[in-house]
Amino acid sequence: MLFKRICRLLPYPSVSVSLALPRKQLFSSFRSSSRHALIRRSMASDPTATETTRFDFLVIGGGSGGLAGARRASELGASTAVIESHKLGGTCVNVGCVPKKVMWNAAVHAEYLHDHSDYGFDVENFRFSWETLKSKRDAYVSHLNRIYRNNLDKAKIQTIHGHARFTSDPEPTVEVNGRKYTAPHILIATGGQPSVLSESEVPGANLGITSDGFFELETLPKRSVIVGAGYIAVELAGILCTLGSKTSLIIRQSGVLRNFDSLISTNCTKELQNAGVDLWKNSQVRSVRKTDRGLEVTLATKDPEKKNEEDKIRTIEEVDCLLWAIGRHPNTSGLNIGEMGVDTDEKGHIIVDEFQNTSRPGIYAVGDVCGRALLTPVAIAAGRKLAHRLFEGKKDSKLDYSCIPTVVFSHPPIGTVGLTEEEAIKSRGKENVKIYRTSFTPMYHAITSRKSQCVMKLVCEGKEEKVVGLHMQGLGCDEMLQGFSVAIKMGATKADFDKTVAIHPTSSEEFVTMR
Amino acid sequence: MATLCRVRHRWKRIKCAHVLTRSLTGKFDYDLVVIGGGSGGLACSKEAAQFGQRVAVLDYVEPSAKGTKWGLGGTCVNVGCIPKKLMHQAALLGTAVKDAKKYGWQISGPVCHDWATMAEAVQNHVRSLNWGHRVQLQDKKVKYLNMKGSLVDEHTVKGLTKAGKETILTAKNIVIATGGRPKYPTNIPGAIEYGLTSDDIFWLKKSPGKTLVVGASYVALECAGFLTGIGLDTTVMIRSIALRGFDQQMAGLVTDYMEAYGTKFVRKCVPKRVEKLSSGALQVTWSDINTGSEHKDTFDSVLWAVGRAPETKALGLDKLGVKLNKETGKIVLGADESTSVPNIFAFGDIGEGRPELTPTAIKAGKLLAQRLAGHSTQLMNYDNVATTVFTPLEYGCVGLSEEEAERRHGKDGIEIYHAFYKPLEFTVPERDASQCYLKVVCERGGDQKILGLHFTGPNAGEVTQGFSLGFQCGATYSHLLQTVGIHPTCAEELTKVNITKRSGLDATVTGC
């Protein structure tokens, strides 16, 4: 059960929180016209804000990490509250993994539809209704929002709706809608949001949208321009292109996913082009202009070989969706954490130690706001580990950030865990690194006219050939990776791979039959 | 067999043992003669050739009772894994069309499936693999003989061509890898005359139409599954239980899904006779085991999937005294694949107690070749073999079934973690996910070592392989939990599973 205690009375003025906010939202990465209305409504019902409610555990941010930490803490007996300014579920559920994968699934169907006739099905005329998909996707996301809400209620966790801001009280305290809340343990799990360029950097930049806006699109754009070379750019370009939007991807250098293993970076760049994405290498957006027929995006391309040559300036016209996927930044700006003595790095990420402690005792952070391994399961695991440490006395409970598997839902999908070849060589020296690789046409494509390769690589270290990295791109790689990542985390060697009997006929069997 | 989709030359490294073995075996035509050009035989012969051995492989396909024939590569390539999985893919695409509509794809008109288009594409792919095998043998300097092989003595093999020409080959070692063939039931009138087996189904030029599949093995369920998936009226007749030897809870989920998918099941029944009506349709009469009552229905095809028998009859094993298991007719083997006769080895589907799986045959064959060439002493480990049943809802597993774990460790000696999960891809098309389930059978005490891991769901084959590697490495329950999940995938559910069966709590996964 919750226990509340009135700490002290403070004649605190009832400041409208929305006024204190920057233009962009703070604690979650979605936009909604109803947000302010909700805040006003809740404020109206709280005419005075004079009491401080006390919990054992106060979580700022109702995304994957915050909710997981809160629920676990509550299970362990802590009175817990979660502060969320928007829909429960955070980035993952609302504008990330979940709706993204739904879109990816829809795109995979498009690929299948092209293969149907090769497999004997007579499917000739088909067209895609974005509207149908979006309404189903939205319904599913709302369903998840409700599940999260119910889960919190069931766990007797109080949900506080609004934006949190640390006060100047001596004991760490946050204020939401004029009310004060405190706890001996406060978790910041506010996540991040897509970055955008300023008007001074690129005139007309705000005519573009971000991944958040992608999930608000009501129709399939006819002509899309995606800017960025990271996994979000790759995924969204792949989805739009496969669903039938003429898509250009603007990247600053010559390949996408440049921090991935070179095999993946090279192959993914090739696959994007194979899929029909119009790739603009060595290019940057100079300006964006609105015309009667959509946006006009002006780009500068510089051939890195010809340093002395002037940039080549070209435009893409009639663009109805310009999407910036140039990175994400942490949601910390309205929190007032600077005054709390919570240190951040130069990008604003909260600095935490391996136990998720910030520089201020009693304040912790997990998830995207820390800027490390921006993945839902990482935030969830870190949140739970923290709860066990704080409320179960498990002093050593912390998340091991090594060997975290990641999938990119590109076409075909990418799976990667552990070190890249480049990283392994850098840390252990070329002579201590052995690479196994293979590429093949998955059997699914044996009888299809559309072909796509599967590429695989194992990075092994030392005499015992410990597998320290596994990288792949191809049909089914999304579901292949998890089991291998268990084994790699256990310290599997190449000999262990060799000892494992294959499952036939699969693509994953290639990993245990590599020579 | 994805390996065959490409041409590789990664064998060139090993040439050292060449000179040594040649001088020792000079008195024979070959160092090694392999009878049977299936997955195991080909792997064994190619591996041996890599070590510089002189190798010949004999392969001959006796046409099926229906007269179906095929090329080099054995069951897997011609009448097993490969065509099976491709037709399974076709069936999955059938489901995908239905899902696609819910995903916003507007498809005009009804979607029809044309058997001939699919079968021709599959058959062409198989033929390309046959050719690929021929080329590989040539590249690796393995002598290929399209002959039926039999044993003369422990160093001599007789090859017989289709035309009846005999060839005698002598070899230091002889390996038998002739695999098995589907059985027909005995004592059912019309069974052979009108029935098909898995040897025929993939090579039909015309759709089998309304089909009765008799049997409950994975072969029966896989065939019935893809036939249903491409839109054919399909009935499975089961005498006792489905997927014998597999975890029975999982088997139940597999068949429940198929039933919801449209496959009809006639349980606890046995066929009595098959008759051809004047219309050309096959009338099958069967009886209910419990009540003894007789029932009839007509089908266009009857597919017998009632088990497989080893191909030992024509080998002349009895003359040499090669010991067979009397019940199964399979060859009794030592851990090193040796038979009761020196210099004669066997492995693969023909070996008593060996799993009837391509990858085990390949691995066993390679290891045998390495040992025979004096290159290694490593034995094949038949434990921890993962497998996947490619039914409409795929089922992958490694290790013990719940029943077997309970038998070995006692009900109180095991802890089972399980979860009913909903694949994200099922949500938008509003598909029922009642059978998407996983369970991890662990030792109850100590580190909770994993004894068995079972998973039904999309892509179970691809999900299971990595976990089988973890299993091979001795994974415990906490190893699963320590691994960060990959979101959103089905496989991640295996790293999140936390409800024990013992607790009786609802094992349905909610939220992310």
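Just so it is clear: chains get the letters A, B, ... in the order the sequence lines come, proteins before strands, and each one is counted from 1.
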Quiz item: Could you give the distance from OG1 (Thr427(B)) to CZ (Arg137(A)), rounded to the nearest 0.5 Å?
Solution: 11.5 Å
Practice problem: List the steps and the verdict of side-chain contact (heavy atoms from CB on, under 4.5 Å) for Tyr103(B) and Val108(A). | Solution: CA-CA 10 Å; Tyr103(B) 272 101; Val108(A) 168; over 6 Å; no
Quiz item: Taking Trp104(A), Trp130(A), Phe126(A) one by one, which has the highest count of heavy-atom pairs under 4.5 Å against chain B?
Solution: Phe126(A)
Exercise. With a 4.5 angstrom heavy-atom cut-off, could you sort out which part of Phe390(B) is near chain A: side chain, backbone, both or neither?
Key: side chain
Practice problem: Take Glu492(B) and Lys101(A), measure what salt bridge (Lys or Arg N to Asp or Glu O under 4.0 Å) needs, and give me the verdict at the end. | Solution: CA-CA 14 Å; Glu492(B) 72 172 320; Lys101(A) 190 158 180 201; over 6 Å; no
Quiz item: Quick check: are there more than 12 heavy atoms from other residues, nucleotides or ligands sitting under 6.0 Å from NZ of Lys101(B)?
Solution: yes
Quiz item: Considering only heavy atoms from C-beta outward, does the side chain of Phe409(A) approach that of Pro488(B) to under 4.5 Å?
Solution: yes
Quiz item: Using non-hydrogen atoms only, which part of Phe497(A) is less than 4.5 Å away from chain B: side chain, backbone, both, or neither?
Solution: both
Quiz prompt | Side chain / backbone / both / neither for Tyr401(A) at chain B, heavy atoms under 4.5 Å | solution = neither
Self-check item: Sidechain-backbone polar pair: His113(B) side chain, Tyr119(A) backbone, donor-acceptor under 3.5 Å
Solution: yes
Practice problem: Return the option, out of His116(A), Met103(A), Lys385(A), with the maximum number of heavy-atom pairs under 4.5 Å with chain B. | Solution: His116(A)
Self-check item: Interchain contact, Ser468(B) with chain A, by part (heavy-atom threshold 4.5 Å)
Solution: both
Self-check item: Rounded distance (nearest 0.5 Å) linking atom OG1 of Thr489(B) with atom CG of Asp478(A)
Solution: 7.5 Å
Quiz item: Given a strict heavy-atom distance threshold of 4.5 Å, which part of Ser135(A) is in contact with chain B: side chain, backbone, both, or neither?
Solution: neither
Quiz item: Gln482(A) side chain to Thr495(B) main-chain N or O, any donor-acceptor pair under 3.5 Å?
Solution: no
Quiz item: In Å, rounded to the nearest 0.5 Å, how long is the span from OG1 of Thr506(A) to NZ of Lys85(B)?
Solution: 6.0 Å
Quiz prompt | Option in Gly470(B), Ala121(B), Gly466(B) with maximal non-hydrogen atom pairs under 4.5 Å from chain A | solution = Gly466(B)
Quiz item: In terms of heavy-atom proximity below 4.5 Å to chain A, should Leu494(B) be classed as side chain, backbone, both, or neither?
Solution: neither
Quiz prompt | Donor-acceptor contact below 3.5 Å, side chain Gln106(B) vs main chain Arg127(A) | solution = no
Quiz item: Closest approach of Gly474(B) and Met490(A), non-hydrogen atoms and distance?
Solution: C-CE, 3.7 Å
Quiz prompt | Options Asp115(A), Ile404(A), Val102(A), ranked by heavy-atom pairs under 4.5 Å with chain B, top entry | solution = Val102(A)
Quiz prompt | Interface moiety of Leu67(A) toward chain B, non-hydrogen atoms closer than 4.5 Å | solution = neither
Self-check item: Flag if over 12 foreign heavy atoms under 6.0 Å of CG, Asp447(B)
Solution: no
Self-check item: Polar side-chain atom of His487(B) near backbone of Leu375(A) as donor-acceptor pair, under 3.5 Å
Solution: no
Quiz item: Is there a side-chain contact (heavy atoms from CB on, under 4.5 Å) between Val486(A) and Leu480(B) once you walk through the steps?
Solution: CA-CA 6 Å; Val486(A) 172; Leu480(B) 292 183; 4.1 Å; yes
Practice problem: Would you check if the side chain of Glu462(B) reaches a backbone N or O of Ser508(A) as a donor-acceptor pair within less than 3.5 Å? | Solution: yes
Quiz prompt | Shortest non-hydrogen contact between Glu479(A) and Cys490(B), atoms and distance | solution = OE2-N, 2.8 Å
Quiz item: Can you say whether the rings of Phe128(A) and Trp105(B) are parallel (under 30°), tilted (30 to 60°) or perpendicular (over 60°)?
Solution: tilted
Practice problem: Among the options Asn459(B), Leu92(B), Thr387(B), Asp114(B), pick out the one with the most heavy-atom pairs lying under 4.5 Å from chain A. | Solution: Asp114(B)
Exercise. State the CG-CG distance between Leu424(B) and Asn105(A), to the nearest 0.5 angstrom.
Key: 6.0 Å
Practice problem: Can you tell which part of Glu430(B) gets under 4.5 Å to a heavy atom of chain A, answering side chain, backbone, both or neither? | Solution: side chain
Exercise. To the nearest 0.5 Å, tell me how far Leu469(B) CG sits from Asp498(A) CG.
Key: 10.0 Å
Practice problem: Let me see the working for Asn384(B) and Thr500(A) under side-chain contact (heavy atoms from CB on, under 4.5 Å), right down to the final yes or no. | Solution: CA-CA 8 Å; Asn384(B) 310 344; Thr500(A) 304; over 6 Å; no
Self-check item: Engaged part of Val122(B) at the chain A interface, taking heavy atoms whose separation is under 4.5 Å
Solution: both
Quiz prompt | Shortest non-hydrogen separation from Pro359(B) to His504(A) and the atoms involved | solution = CG-CB, 3.3 Å
Self-check item: Side chain / backbone / both / neither for Asp99(B) at chain A, heavy atoms under 4.5 Å
Solution: both
Quiz item: Looking only at heavy atoms, which two atoms of Pro377(A) and Val484(B) are closest? And how far apart?
Solution: CB-CG1, 3.6 Å
Quiz item: Given that the side chain runs from C-beta out, which part of Asn150(A) has a heavy atom under 4.5 Å from chain B: side chain, backbone, both or neither?
Solution: neither
Exercise. Determine the option with the most heavy-atom pairs under 4.5 angstrom with chain A, choosing from Met380(B), Met118(B), Lys84(B), Met87(B).
Key: Met118(B)
Quiz item: Does Lys489(A) use its side chain to pair, donor to acceptor, with the backbone of Thr483(B) at less than 3.5 Å?
Solution: no
Quiz item: Under a 4.5 Å heavy-atom cut-off, does chain B meet the side chain of Ala110(A), its backbone, both or neither?
Solution: both
Quiz prompt | Spacing of NZ belonging to Lys363(B) relative to NZ belonging to Lys499(A), to within rounding of 0.5 Å | solution = 10.0 Å
Quiz item: Would Gln89(B) and Met443(A) satisfy side-chain contact (heavy atoms from CB on, under 4.5 Å), going step by step from the backbone distance to the final call?
Solution: CA-CA 10 Å; Gln89(B) 278 299 348; Met443(A) 208 177 80; over 6 Å; no
Quiz item: Hey, is the main chain of Val501(A) close enough, under 3.5 Å, to the side chain of Gln465(B) for a donor-acceptor pair?
Solution: yes
Quiz prompt | chain A interface, residue from Cys112(B), Gly457(B), Cys81(B) that has the most non-hydrogen pairs under 4.5 Å | solution = Cys112(B)
Exercise. Taking all non-hydrogen atoms of both residues into account, name the closest pair between Leu93(B) and Phe121(A) and its distance.
Key: CB-CE1, 4.0 Å
Practice problem: Check whether Leu399(A) gets within reach of chain B through its side chain, its backbone, both or neither, counting any heavy atom under 4.5 Å. | Solution: side chain
